[in-house]
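Structure, as C-alpha cells:
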Amino acid sequence: MLPSLRISDNIFLKMKTNFLIFLVLLVPVAVYGESSWEISAQEWAQPRHGDWLVHQPALAGAIAQLQQQPDSHLQVRYPGGDEGVLWAEELQSWLVALGLASNRIELVPGSSKADLIQLTVVQ
C-alpha cells in the first residue's frame, strides 16, 4: 500500500497564492484591454498541471483581468453535449482548486464552435 500524500493547508494556500501571482506577472500589458479569450480542444488536450495552467495565455489573461475587476465574474461558454460539459466542469475545478472562488465562475452552454471554450470577464 502506498503512503498517503497530503499537502498541508498552509502549503496549499502558498501554492494557490503563488499561482495567482505568476498569472499576473506572465500576462503582457496588452492583454488587459481584452475581455474575451479562447481555449481550443487541441490546447486542452495537452497534459494539464499547475505549470501548464500558469503558461496558458487565455487563463492567465482572464485571471489577471478578474483580479483587476473584483466585482466581475468569469463566464465560461462551452460546447454542448456531454463532452463539452465535462470539459467546462474540469476547467472550473482547476480554477477553484487554484484559488478562484466558485461564485465568480458561470458555466454557459453554447460555444460558437464545437472545439472551443470561450472565456469572458463580465461585470
Side-chain angles (χ1 to χ4, degrees):
M1 185 169 181
L2 294 174
S4 175
L5 296 177
R6 185 168 175 351
I7 299 175
S8 76
D9 292 339
N10 191 28
I11 292 173
F12 187 67
L13 179 62
K14 288 180 183 180
M15 287 173 43
K16 289 192 316 187
T17 303
N18 288 339
F19 170 74
L20 293 174
I21 291 170
F22 278 61
L23 286 178
V24 171
L25 294 176
L26 290 174
V27 177
V29 175
V31 171
Y32 288 111
E34 297 180 15
S35 61
S36 185
W37 300 266
E38 298 176 341
I39 302 173
S40 70
Q42 184 177 7
E43 289 174 309
W44 193 253
Q46 303 300 314
R48 288 172 297 285
H49 46 78
D51 189 48
W52 179 85
L53 290 168
V54 169
H55 292 96
Q56 210 295 326
L59 292 174
I63 296 297
Q65 188 165 357
L66 281 169
Q67 289 180 328
Q68 295 292 318
Q69 301 172 357
D71 294 332
S72 63
H73 69 276
L74 181 64
Q75 186 178 77
V76 178
R77 188 168 297 276
Y78 61 91
D82 291 341
E83 196 171 318
V85 171
L86 291 173
W87 183 5
E89 289 177 349
E90 181 184 1
L91 174 58
Q92 180 182 32
S93 295
W94 272 107
L95 293 170
V96 169
L98 291 167
L100 182 60
S102 62
N103 66 346
R104 294 190 72 193
I105 303 169
E106 175 188 13
L107 301 182
V108 180
S111 174
S112 63
K113 295 182 182 176
D115 64 344
L116 198 68
I117 276 190
Q118 297 162 309
L119 306 173
T120 305
V121 174
V122 179
Q123 284 293 325

Check: Within the distance-only criterion (no hydrogens, no angle test), does the side chain of R77 pair as donor or acceptor with the backbone N or O of Q75 below 3.5 angstrom?
Finding: no
Check: Are L91 and V96 connected in the hydrophobic side-chain network, where two residues link if heavy atoms are under 4.5 Å apart?
Finding: yes
Check: How about W44 and W94: are their ring centroids closer than 6.0 Å?
Finding: no
Margin query: Measuring only between side-chain heavy atoms, which start at C-beta, is L107 closer than 4.5 Å to Q92?
Written below: yes
Notebook entry, point to check: Would you call L100 and L66 a side-chain contact if the rule is heavy atoms closer than 4.5 Å?
Noted result: yes
Checklist line | From CD1 (I63) to CD (Q68), nearest 0.5 Å | finding: 12.5 Å
Margin query: If hydrophobic clusters are built from ILVMFWY residues whose side chains come within less than 4.5 Å, do V108 and I105 share one?
Written below: no
Next item on the list: Flag the pair W52 / P47 as yes when at least one side-chain heavy-atom distance between them is below 4.5 Å, and no otherwise.
Entry: no
Notebook entry, point to check: Side-chain contact, heavy-atom cut-off 4.5 Å: W87 with P79?
Noted result: yes
Check: Taking side chain as C-beta onward, heavy atoms only, is L95 less than 4.5 Å from L53?
Finding: no
Show me the donor-acceptor pairs, under 3.5 Å and distance only, between side chains in residues 113-123 and residues at least two apart or in other chains.
unit_1 : atom_1 : unit_2 : atom_2 : d
Q118   : OE1    : S112   : N      : 3.4
Q118   : NE2    : S112   : OG     : 3.0
Q123   : NE2    : Q69    : OE1    : 2.7

Check: Crowded around E83 CD? As in, over 12 foreign heavy atoms under 6.0 Å?
Finding: no
Next item on the list: Decide whether L74 and V85 are clustered together by the hydrophobic rule: side chain heavy atoms of Ile, Leu, Val, Met, Phe, Trp, Tyr closer than 4.5 Å, transitively.
Entry: yes
Note to self: When you measure from the side chain of E43 to the backbone of S40, do you find a donor-acceptor pair of N or O atoms at a distance under 3.5 Å?
What the structure shows: yes
Note to self: Set out, in order, the CA-CA distance, both residues' side-chain angles and the distance that settles side chain to side chain contact (heavy atoms under 4.5 Å, CB included) for R104 and S72, then state yes or no.
What the structure shows: CA-CA 7 Å; R104 294 190 72 193; S72 63; 3.4 Å; yes
